[in-house]
Amino acid sequence: MPINCKSNCGNRAVLKRPKTGDALCRECFFAAFEAEIHHTISSSNLFRRGEKVAVAASGGKDSTVLAHVLKLLNERHNYGLKLVLLSIDEGITGYRDDSLETVKQNRDDYQMPLKILSYEELYGWTMDRIVGQIGRSNNCTFCGVFRRQALDRGAKLLEVDSIATGHNADDIAETVLMNVLRGDTARLRRCTDIRTGGGEDTIPRVKPLKYSYEKEIVMYAHFKKLVYFSTECVFAPNAYRGHARAFLKDLEKVRPSVIMDIIYSGEQLRFKDTVKKPVRGTCNRCGFVSSQQPCKACVLLEGLNRGLPKLGIGKKSKGDRMIAKQNQELALRERANLVKNDF
């Protein structure tokens with residue numbers, strides 16, 4: 001039996017919203033989805049009139065919907081923003097090269113300028129080469145660290161006021177779970193923040209899709225017939241996040257509101273004054289934001305260039321021992337060469 005749209009518009013419902021359980025027609029779903037994102041933006045004061053905003057674009061569903069909705073709301077509500085697309089090419093053959101074609105299509109569809117930066121030009125390495133060195137057990141650490149800094153580098157180059165990322169409600173709930181399981185109180189403090197960074201030397205990042213369910217983003221892209229890239233990264237199956245995602249999906253089957261419940265719990269967490277807080281500053285090598293000296297990106301890059309790819313994995317003391325051992329070996333080799341030349 002056909003079900004009527006809950007908003008009493010007279011149309012038949014074509015979907016049931018995962019977030020609220022409401023049966024809605026296509027147009028009412030679009031209106032509700034867009035209105036919620038507008039409320040998130042306005043209630044959190046994410047943007048100011050006249051700002052230049054970089055949309056972190058990967059070609060996936062989240063960044064494509066984010067670019068589409070930001071353009072739509074910017075025109076509808078007269079935000080007065082200048083929107084640009086910023087993409088990072090990690091150098092993953094068969095994945096990123098294909099997804100960048102989708103980003104270029106987004107550029108043409110939404111009439112937004114596009115800037116693409118690659119790991120190759122920024123760091124002298126591609127993820128294909130990095131995986132060849134480190135294997136598939138810690139490759140996501142390299143990619144995540146380099147990507148975050150690459151976005152900062154791109155934002156600085158474009159002289160934007162903020163970076164809008166496509167993190168959705170599912171992503172944030174997964175991150176809360178991951179940080180709880182790892183006991184990472186430093187990241188647990190800020191992982192639910194809708195705005196991060198924004199200090200004297202940093203460009204803030206904002207999450208307009210913070211309260212949007214992943215399923216609804218997929219439904220919105222489907223019914224709007226948006227062009228997006230849906231293939232999973234070839235190096236992602238072994239990522240730790242995948243276990244948190246699978247756990248969250250199992251919980252969602254039992255309690256659909258669990259995603260918002262976890263986000264709310266993360267927002268309400270309070271820590272004792274005795275819990276050590278990382279001090280965010282700038283790296284003394286590259287000059288970008290960091291809570292350690294040198295920053296994680298510089299340590300990982302040094303390890304790759306030294307032929308010690310595991311240098312930045314694990315505790316700093318372990319890395320220091322690896323460097324000391326390599327320096328000692330190099331010194332012994334030099335001494336041996338000098339003795340050999342004397343003869």
Colleague: Taking the side chain as everything from C-beta on, heavy atoms only, tell me whether Tyr240 gets closer than 4.5 Å to Leu181.
Modeller: yes

Colleague: Between Leu15 and Phe30, is there shared hydrophobic-cluster membership here, with clusters defined by ILVMFWY side-chain heavy atoms closer than 4.5 Å?
Modeller: yes

Colleague: So how far is it from Arg148 CZ to Lys296 NZ, rounded to the nearest 0.5 Å?
Modeller: 10.0 Å

Colleague: Does NZ or CZ of Lys156 fall inside the cone over Phe288's six-membered ring, less than 6.0 Å from its centre and within 45° of the axis?
Modeller: yes

Colleague: Less than 3.5 Å apart, any donor N or O on the side chain of Glu34 or Tyr220 sitting next to an acceptor on the other?
Modeller: yes

Colleague: Quick one: closest heavy-atom pair of Ala57 and Leu85, and the distance?
Modeller: CB-CD2, 4.1 Å

Colleague: Does NZ belonging to Lys115 count more than 12 external heavy atoms closer than 6.0 Å?
Modeller: no

Colleague: Is atom CG of Leu269 surrounded by more than 12 heavy atoms (other residues, nucleotides or ligands) closer than 6.0 Å?
Modeller: yes

Colleague: Find the distance between CG (Leu86) and OG (Ser63) and round it off to the nearest 0.5 Å.
Modeller: 11.0 Å

Colleague: Would you check if the side chain of Arg306 reaches a backbone N or O of Leu311 as a donor-acceptor pair within less than 3.5 Å?
Modeller: no

Colleague: Side chains of Asn139 and Ile130, heavy atoms from C-beta outward: is any pair under 4.5 Å?
Modeller: no

Colleague: Determine whether a donor-acceptor pair (N or O, by modelled atom type, separation under 3.5 Å) exists between the side chain of Ser290 and the backbone of Gln292.
Modeller: yes

Colleague: If hydrophobic clusters are built from ILVMFWY residues whose side chains come within less than 4.5 Å, do Leu73 and Leu226 share one?
Modeller: yes

Colleague: Does a side chain donor of either Thr93 or Asp128 reach within less than 3.5 Å of an acceptor in the other side chain?
Modeller: yes

Colleague: To the nearest 0.5 Å, how far apart are CG in Leu117 and CG in Leu151?
Modeller: 9.0 Å

Colleague: Taking the side chain from Glu90 and the backbone from Ile92, do they hold a donor-acceptor pair closer than 3.5 Å?
Modeller: no

Colleague: Atom CD of Glu174 and atom CD1 of Ile263: how far apart are they, to the nearest 0.5 Å?
Modeller: 10.0 Å

Colleague: For the residue pair Ile37 and Ser212, what are the closest heavy atoms and their distance?
Modeller: CG1-OG, 3.7 Å

Colleague: Can you see which heavy atom on Ile88 is nearest to which on Arg147, and at what distance?
Modeller: CB-NH1, 3.5 Å

Colleague: Salt bridge check: are Arg245 and Glu252 linked by an N-O gap of less than 4.0 Å?
Modeller: no

Colleague: Indicate if Tyr228 and Leu209 have the same hydrophobic cluster label, given that clusters are the connected sets of ILVMFWY residues with side-chain heavy-atom separations under 4.5 angstrom.
Modeller: no

Colleague: Find out whether Thr175 and Arg241 are in side-chain contact, i.e. whether some heavy atom of one side chain is under 4.5 Å from a heavy atom of the other.
Modeller: yes

Colleague: Taking the side chain as everything from C-beta on, heavy atoms only, tell me whether Asp62 gets closer than 4.5 Å to Asp171.
Modeller: yes

Colleague: Taking atom types as modelled and ignoring hydrogens, do the side chains of His38 and Tyr79 form a donor-acceptor contact shorter than 3.5 angstrom?
Modeller: yes

Colleague: When rounded to the nearest 0.5 angstrom, what distance separates CG in Leu251 from CD1 in Ile262?
Modeller: 6.0 Å

Colleague: Side chain of Tyr123, backbone of Phe146: donor and acceptor closer than 3.5 Å?
Modeller: yes

Colleague: Apply the test side chain to side chain contact (heavy atoms under 4.5 Å, CB included) to residues Val53 and Val160: give CA-CA distance (whole Å), side-chain angles for both, the deciding distance (0.1 Å), then the verdict.
Modeller: CA-CA 6 Å; Val53 179; Val160 299; over 6 Å; no

Colleague: Contact between Ile172 and Cys191 at the side-chain level, heavy atoms closer than 4.5 Å - yes or no?
Modeller: no

Colleague: For the pair Thr202 and Asp152, evaluate side chain to side chain contact (heavy atoms under 4.5 Å, CB included) and give the outcome as yes or no after the intermediate values.
Modeller: CA-CA 8 Å; Thr202 61; Asp152 285 337; over 6 Å; no

Colleague: Is there any side chain to side chain donor-acceptor pair (under 3.5 Å) pair reaching into residues 9-22, and which pairs are they, with sequence neighbours excluded?
Modeller: Lys6-Asp22, Arg17-Glu36, Arg17-Glu216, Lys19-Glu36, Thr20-Asp22

Colleague: Using only atom types and a distance under 3.5 Å, with no angle test, would you say the side chain of Thr64 pairs donor to acceptor with the backbone of Lys61?
Modeller: no

Colleague: When rounded to the nearest 0.5 angstrom, what is the spacing between OH in Tyr119 and OG1 in Thr126?
Modeller: 10.5 Å

Colleague: Mark yes when over 12 heavy atoms from residues, nucleotides or ligands other than His77 sit less than 6.0 Å from its NE2; otherwise mark no.
Modeller: yes

Colleague: I'd like to know if the side chain of Asp97 and the backbone of Tyr95 have a donor-acceptor N/O pair within less than 3.5 Å.
Modeller: yes

Colleague: Which heavy atom of Tyr213 sits nearest a heavy atom of Pro18, and at what distance?
Modeller: CE2-O, 4.0 Å

Colleague: Would you find a donor on one side and an acceptor on the other, under 3.5 Å apart, between the side chain of Asp193 and the backbone of Thr196?
Modeller: no

Colleague: Given 3.5 Å as the limit, does a donor-acceptor pair link the side chain of Asn74 with the main chain of Gly80, or not?
Modeller: yes

Colleague: List the steps, then state whether side chain to side chain contact (heavy atoms under 4.5 Å, CB included) holds for Glu121 with Asp89.
Modeller: CA-CA 10 Å; Glu121 62 182 297; Asp89 179 4; over 6 Å; no

Colleague: Do Arg153 and Gln149 have a side chain donor and acceptor closer than 3.5 Å?
Modeller: yes

Colleague: By side chain to side chain donor-acceptor pair (under 3.5 Å), which residues pair with Arg48, not counting sequence neighbours?
Modeller: none

Colleague: Checking the side chain of Asn138 only, and the main-chain atoms of Thr141 only, is there a donor and an acceptor separated by less than 3.5 Å?
Modeller: no

Colleague: Would you say Tyr110 ends up clustered with Phe223 if hydrophobic residues are merged whenever their side chains have heavy atoms under 4.5 Å apart, either directly or through other cluster members?
Modeller: yes

Colleague: Identify the heavy atoms of Ser162 and Ile203 that sit nearest to each other, and give their distance.
Modeller: CA-CG2, 3.7 Å

Colleague: What are the two closest heavy atoms between Lys52 and Leu158, and how far apart are they?
Modeller: NZ-O, 2.8 Å

Colleague: Do you see a donor-acceptor pair shorter than 3.5 Å between the side chains of Arg96 and Ser99?
Modeller: yes

Colleague: Indicate whether the side chain of Arg182 and that of Asn179 have a donor and an acceptor atom separated by less than 3.5 Å.
Modeller: yes

Colleague: Transitively linked via ILVMFWY side-chain contacts under 4.5 Å: Val218 with Phe29?
Modeller: no

Colleague: Are side-chain heavy atoms of Val206 and Thr165 found at a separation under 4.5 Å?
Modeller: no

Colleague: Keeping Glu75 on the side-chain end and Leu72 on the backbone end, is there a donor-acceptor pair under 3.5 Å?
Modeller: no

Colleague: Do Cys9 and Cys25 have side chains that approach each other closer than 4.5 Å (heavy atoms only, starting at C-beta)?
Modeller: yes

Colleague: Could you give me the CA-CA distance, side-chain angles and deciding distance for His167 and Lys210, then say whether side chain to side chain contact (heavy atoms under 4.5 Å, CB included) is met?
Modeller: CA-CA 6 Å; His167 292 96; Lys210 177 183 175 181; over 6 Å; no

Colleague: Within the structure provided, determine whether Val84 and Met112 are in side-chain contact (heavy-atom separation under 4.5 Å).
Modeller: no

